[in-house]
Amino acid sequence: MMAQYRASEIEPKWQAAWDAADVFRAEPDPARPKYYVLEMFPYPSGRIHMGHVRNYTMGDVIARYKAARGFNVLHPMGWDAFGMPAENAAMERGGHPADWTYGNIADMRAQLRPMGLSIDWSREFATCDPEYYGQQQAMFLDMLEAGLVTRKSATVNWDPVDRTVLANEQVIDGKGWRSGAEVERRELTQWFFRISDFAEELLDAIDRLERWPDKVRLMQANWIGKSRGLQFAFDTLGAPAGHEKLAVYTTRPDTLLGASFAAISPDHPLARALEADDPAIAAFNAECRRMGTSEEALETAEKKGLPTRVTVRHPFDPDWELPVWIANFILMDYGTGAIFGCPAHDQRDLDFARKYGLPVIDVFEAAEDGAPVGDIAFVPPKTETVRYVNGFAGPDRQTGDDAVTAAIAECEARGVGSGVTNYRLRDWGISRQRYWGCPIPVVHCPDCGAVPEKRENLPVELPRNVDLSVPGNPLDRHPTWADTTCPRCGGPARRETDTMDTFVDSSWYFARFTAPRADTPTVMADADYWMNVDQYIGGVEHAILHLLYSRFFARAMQITGHLPAKAIEPFDALFTQGMVTHEIYVTRDDKDRPVYHLPEHVHWTESGARLGADGPPVDVMPPAKMSKSKKNVVDPERIIAEYGADTARWFMLSDSPPERDVEWTAAGADAAFRHLARVHRLAAECAGAGHGDAGTAAADAALDRATHAAIAGVTRCIEGFAFNKAVAELYTLTNAIARSDAAASARARSLRILAQLMAPMTPHLAEEIWAMLGGQGLVARADWPQADPALLETDTVTLPIQINGKRRSQIEVPKDTATDAIEAAVLQDAAVQRALAGAAPRKLIVVPGRIVNVVV
RNA sequence: GCCCGAGUGGCGGAAUGGUAGACGCAGGGGAUUCAAAAUCCCCCGCUGGCAACAGCGUGUCGGUUCGAGUCCGACCUCGGGCACCA
C-alpha cells in the first residue's frame, strides 16, 4: 500500500525543518545581491481571510523563487495595528483596544503560520508598539524642524449629537452612523504634512516608476492634478469691506468672454462675510455645510446655488457685470474657492445656468459644422482645433491648448492676472480626534504656543486607563494624561490630544523592517543594504493614498537623514493583485428581507442549492468580493485544516491572473487537492520502482525535453508575475511525466525538477517529493534549475496557411526554410490550389516562423 | 459626478497585430471493479452536415489592416478610488 498524500502530516514536518535550519532569517551579506519582497501588511481584524492568503502566497512565490536564484531575501511581516475598529470594538463589547489588538495579532499569527510562508518572523512588529510609534514621533519632530509640518484649519465631519468627529465612512446619507444626526462641516486647527510642496517632484518622479502598473501611475498623476491656468481678481460691486477683489482660478481663460456668472464656495470668506446680514445666505450656507466633507458627496449632490447682492466687473469691460452666486459644488480646497462660470463649455456650469436662467454664451464651435450649444456643453479635448466665435487671443481656428496659452499671454499683457501652475493635491491632514493612534508629540503652552516635546520624553505613550464607553476623544477628556509642563519654559501646559492618521504608520514600516529593533527610526547601514523594496505587492485600493504618502515619506525621511538617497522612490516594482470573490447564497425571511448563508451550510442537490440536505432552496447570486456581511466567505483556517496549506496556495495561484479577481469554488479547491495528490502519487510510484524499470532512449529524451521546456516556461511566467500560467506549465509537465514511458531514473530526474519548480508555490509537497526521490538537503535551499537550450530547439516549424485571413491549412517546413521555398510549398498545398482555381494569388504574405496569408 | 480598470466556450482563463479557446473545472463516453469510490483513456465553442467540410463566434456599433480578442473612435455593463475605512 502506497503512502497517501497527507498534508496534515507533511506540512508541520517541513515547517519544523525550516525553523530548525533557520532558513528564512535575513541578515545583511555584502557578498550576495539582496532582494526585498514585501506584501502590504495586514490590519489585525482577528481573522485572516482568503485575500490575505492570496496576497502572501504571491509574495512567498517571489521570495522563495528569488532565494533559489541566489538572492539574499528579506521577507518580513508586521501589523498595521492602529485604527478605528479597535475603538469600536471597545465601545461595543467593552475591553481595551490594546488587548483587542494584541489578541487579534496573536490569533492571526497562529492562522498565518500554517501557511508555510518564508517569512523572517524575528522582524515582526506592530505599529501600536511604543517602540514603533515612539520612533514615528521622533521623525515627526525631525519633520517639524525641517519645515515639513504645518498647522492650519481643516474641515471635518461633526456629529452634533455625539459631539464627535466622524470618518467619512461613518457618515451615511449625510447622517452620523450611530446618532443618526445630520452631520455638519466644522473647521478645526489641524496638523498637516506639507506634501503639496512636493507635488511637482512626486509628479515628475512617476516617470521613473517603470515597474509600476501604468494604471497606478496614471491615477497618481491625475490625483496630483497639475494644471496651468490663469489666476486673476474680479473687482466686486456691493461686497462687504475687505472683499473689493474676488480672486478666481481658471484652466480655460480662453473662455473668458463666455463668462455668465461668478460662483464661490459656501466656505469662501466672502460667503461667510455675507452671512452676517443676510439670513437667506446664512441658511443656504448652513444647509451646504450639512453635507459630508468627501468630494464624492459634494460632486454627486444636487447642484444648488443662491444669488447674492454682489456682482463683479468683467475684466475686459467695466460695464459688463456678472452676478456672484454661492454654489454647493465649488470646492474651497481647490484653486481659490471661486470660479467664473462658462456654461457653453462646461457641463456643470451649463446645468447650473439652465436651472437658474443664466445666459449661455458660445466661445467656440466645432471647426466643421459648428453650432451653438444646446443642452450639452461643447467640451472637446484641448488638442482639438476649434473655431473661436468669441475669442480674444490667437487666431480664429486653433486648438484649446494654443488658445489657453494665447489667452494667458494676452491677459498678462492687459494686466489681468497671471498664468499660474496649480495642483489638485492638498496637504496631508494627519490630526485625528481619536485614542487608538500615535500621539502627536507636541505640547500646547499658554505662553510659548505649540512646542515640540523633548526627545528624551519620547515615546509619548498612550494612557492605559481611558473611558471608551462614550463618544468623543478619550485623550481630550482624560483627567490627567494631557497635563504636562512646557518643554521650553517649564510652565504648566497641555499635551496635544490628537493622534496621527494611521496612514502615517504605514508610510514608513517598509523602512523599519530593515532594522526593526533599532532605537532610532532606521539604521543607515541596514537601510542602505536592504532598500529599496524590490517587489511590493498589495491591493489596487491603495493605488493612490498609501502609495503616494509612502513616496512622500521616503522624501521626508531622506531630508531628515533616515533614508539614503537611493530610497527616494522606496518601491522599485509594484504589483496590484485582484480580490478573492465567492458566490452569494441568500434566502428571504417572512418580510422578504435577504438572509445570507455561509457556503459551508449550502448543500448541492439535483434540484439545486439547498440549506441542508433537504432544507429550503437557496438563491445563488453572482460572485462578489468576500465580505462578512454577505457571508460569502471561506475561512482559510478551515481550508488549511481540510486540504492543507499547499492546496490553498496552489488554488490561489491557478485559474485567474494575479491582477484579476479570482473566484473561490469548492470544486476548484477539490481539483487543486487532487492534482497535488497526483503529484505525490507519481513521486511515490517512481520512488518505489526498481532499477529494472527501464524505458527507451527516445522516451527518456522526450521527457527531458518536456522537463526543460517547463523550466523555461515556469521561470518566464514567475518572472512575469503570470502565476496562473506557471501553474498551467506545471500541469503540462505533470501530464508528461504521468504518460511517459521513460525509465524510473529519468522520471525521478523530472520529478525532482518538478519539485523545484513547484517549491515556490507548494513548498511542503515539494520538500516531501524532493526527499522521496533523493534530493540533497532542503528544496528551500536548492538552486533554481537551468533550462538546457539544446533541449528547447526544434527542427521544424508548422506554418498555418490563411486564405483571405482565415486559416484553411498548414504546412510543416524545416526551421530555416527560405521565404521563396515556403511560397513554393504553399502554392502546392491542396487547399490553396482549390482556392486559387488556377489563378495566381493577388498577394502572398509570408511571416517567417509564424504564418502565411494567401490573398485570392 | 470625476479619475482608473475589466468584459473571450456551461465556468476560471490562454493567445510579441499572425492557427481564438493552452491549462484547469464542469459535462459526456469508455476501461478497471461484484458494485462503488479512487484512478486511467477519449470527446467537448455555436449552427448545419453521415462525413469531408461550410457558416458564425472574443460586451455593442463603426474604423484601420493581407490579417484585429489585441490598434483607433463612440457606446453599454460591472469593479476600484475620491483625501478621517484600512
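So you know, we letter chains A, B, ... as the sequences are listed, proteins then strands, and number each from 1. Any value given below was found using the heavy atoms of this structure, including those in side chains, with hydrogens, waters and symmetry copies removed.
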S.K.: Heavy atoms from C-beta onward define the side chain here; which of B:G80, B:C85, B:A86 lies closest to that of A:Ala167?
M.R.: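 Given the options B:G80, B:C85, B:A86, the side chain of A:Ala167 is closest to B:C85.
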S.K.: Hey, does the side chain of A:Thr502 come within less than 4.0 Å of B:A86's phosphate (OP1/OP2), counting only N and O?
M.R.: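 True: A:Thr502 side-chain N/O within range (under 4.0 Å) of B:A86 OP1/OP2.
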S.K.: Between B:U47 and B:C11, how far apart are the two P atoms, rounded to whole Å?
M.R.: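 So the two P atoms sit 14 Å from each other.
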S.K.: Which whole-number value in Å describes the distance from A:Lys725 NZ to B:A22 P?
M.R.: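 Atom NZ in A:Lys725 sits about 15 Å away from atom P in B:A22.
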S.K.: Check whether any side-chain N or O of A:Arg678 sits under 4.0 Å from OP1 or OP2 of B:C40, and answer yes or no.
M.R.: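 Result: yes.
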S.K.: Can you tell me how far C1' in B:G55 sits from the matching atom in B:G63, rounded to whole Å?
M.R.: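 Per the computed distance, 24 Å lies between those C1' atoms.
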S.K.: At under 4.0 Å, does any side-chain N or O of A:Arg660 touch on OP1 or OP2 of B:G7?
M.R.: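 Looking at the OP1 and OP2 atoms of B:G7, one of them is under 4.0 Å from a side-chain N or O of A:Arg660.
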S.K.: Which is more 5' along RNA chain B, the nucleotide nearest A:Arg808 or the one nearest A:Gln190? Just name the residue.
M.R.: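 Of the two residues, A:Arg808 wins.
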S.K.: Using a distance-only test with no angle check, is there a side-chain donor-acceptor pair under 3.5 angstrom linking A:Tyr509 and A:Trp79?
M.R.: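 There is no such pair between these side chains.
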S.K.: Can a side chain N or O of A:Asn853 be found less than 4.0 Å away from OP1 or OP2 on B:U65?
M.R.: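 It does not, given that no N or O in the side chain of A:Asn853 lies less than 4.0 Å from OP1 or OP2 of B:U65.
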S.K.: Taking the P atom in each of B:A20 and B:C25, what is the distance between them to the nearest angstrom?
M.R.: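 Pairwise P distance, B:A20 against B:C25, rounds to 26 Å.
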S.K.: Would you please confirm or rule out a distance under 4.0 Å between OP1 or OP2 of B:G13 and any side-chain N or O of A:Ser656?
M.R.: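 For A:Ser656, the contact criterion (side-chain N or O under 4.0 Å from OP1 or OP2 of B:G13) is met.
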S.K.: Counting only Watson-Crick pairs (N1-N3 plus N6-O4 or O6-N4) and G-U wobbles (N1-O2, O6-N3), all under 3.5 Å, who is the partner of B:U64?
M.R.: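 Result: none.
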S.K.: Under a 3.5 Å limit for both distances, which nucleotide forms a Watson-Crick or G-U wobble pair with B:C2, could you say?
M.R.: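 Across all strands, the one nucleotide that pairs with B:C2 is B:G81.
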S.K.: Using the C1' atom in both, what is the distance from B:C76 to B:C85, to the nearest Å?
M.R.: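 Their C1' atoms lie roughly 31 Å apart.
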S.K.: Between B:C40 and A:Arg681, is there an OP1 or OP2 to side-chain N/O distance shorter than 4.0 Å?
M.R.: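 Result: yes.
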S.K.: Using the P atoms only, state how far B:C53 lies from B:A36, rounded to an integer number of Å.
M.R.: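 B:A36 and B:C53 have their P atoms separated by 38 Å.
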S.K.: Classify the ring geometry between A:Phe352 and A:Phe329 as parallel (under 30°), tilted (30 to 60°) or perpendicular (over 60°).
M.R.: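 Rings of A:Phe352 and A:Phe329: perpendicular, as their planes differ by over 60°.
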S.K.: Take atom P in B:U58 and the same atom in B:A68, then report the distance between them in whole Å.
M.R.: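 Going atom to atom, P in each nucleotide, I get 11 Å.
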S.K.: Partner of B:C75 by Watson-Crick or G-U wobble geometry, both contacts under 3.5 Å, or none?
M.R.: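 Base-paired to B:G59.
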S.K.: Does the structure show a Watson-Crick or G-U wobble partner for B:A15, both distances under 3.5 Å? Name it, or say none.
M.R.: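 Its partner: none found.
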S.K.: Between A:Phe673 and A:Tyr5, is the ring centroid distance below 6.0 Å?
M.R.: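 Under 6.0 Å, so yes.
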S.K.: If you assign A:Arg807 and A:Phe82 each to the RNA chain B nucleotide with the nearest heavy atom, which residue ends up on the more 5' nucleotide?
M.R.: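 This one resolves to A:Arg807.
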S.K.: Without decimals, in angstroms, what is the distance between A:Leu574 CG and B:G80 P?
M.R.: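 After rounding, the gap between these two atoms is 19 Å.
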S.K.: Using a cut-off of less than 4.0 Å, is there contact between a side-chain N or O of A:Arg674 and OP1 or OP2 of B:A26?
M.R.: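 For A:Arg674, the contact criterion (side-chain N or O under 4.0 Å from OP1 or OP2 of B:A26) is met.
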S.K.: Looking at B:C66, I'd like to know if its phosphate oxygens (OP1 or OP2) sit under 4.0 Å from a side-chain N or O belonging to A:Arg850.
M.R.: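 It does not, given that no N or O in the side chain of A:Arg850 lies less than 4.0 Å from OP1 or OP2 of B:C66.
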S.K.: Quick one: is B:A83 close enough that its OP1 or OP2 comes under 4.0 Å of any side-chain N or O from A:Asn168?
M.R.: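 A:Asn168 to B:A83 OP1/OP2: side-chain N or O found under 4.0 Å.
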S.K.: Taking the same atom, P, in B:G79 and in B:C72, what whole-Å distance lies between them?
M.R.: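 It comes out at 25 Å once rounded to the nearest Å.
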S.K.: Measure the acute angle between the ring planes of A:His49 and A:His52, then classify it against the limits of 30° and 60° as parallel, tilted or perpendicular.
M.R.: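 Rings of A:His49 and A:His52: parallel, as their planes differ by under 30°.
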S.K.: In whole Å, what separates the P atom of B:G30 from that of B:U16?
M.R.: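 Those two atoms are separated by 39 Å.
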S.K.: Find the distance A:His546:NE2 to B:C82:C1' and express it as a whole number of Å.
M.R.: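 My rounded result for the distance is 18 Å.
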S.K.: Mind telling me whether A:Tyr133 and A:Phe82 have parallel, tilted or perpendicular rings, with 30° and 60° as the class edges?
M.R.: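 Because their plane-to-plane angle lies in the 30° to 60° range, the rings of A:Phe82 and A:Tyr133 count as tilted.
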S.K.: For B:C4 and A:Asn222 - does any side-chain N or O of the residue sit under 4.0 Å from the phosphate oxygens OP1/OP2?
M.R.: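 The answer is yes; a side-chain N or O of A:Asn222 sits under 4.0 Å from OP1 or OP2.
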S.K.: Expressed in angstrom and rounded to an integer, what is the separation of A:Gln170 atom CD from B:C85 atom P?
M.R.: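 Whole-Å distance recorded here is 8 Å.
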S.K.: Taking the six-membered ring for Trp and the full ring for Phe, Tyr or His, determine whether the centres of A:Phe553 and A:Phe193 are under 6.0 Å apart.
M.R.: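 So the answer is yes for these two rings.
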S.K.: Does A:Trp212 have its ring centroid less than 6.0 Å away from the ring centroid of A:Tyr536?
M.R.: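 No; A:Tyr536 has its ring centre 6.0 Å or more from that of A:Trp212.
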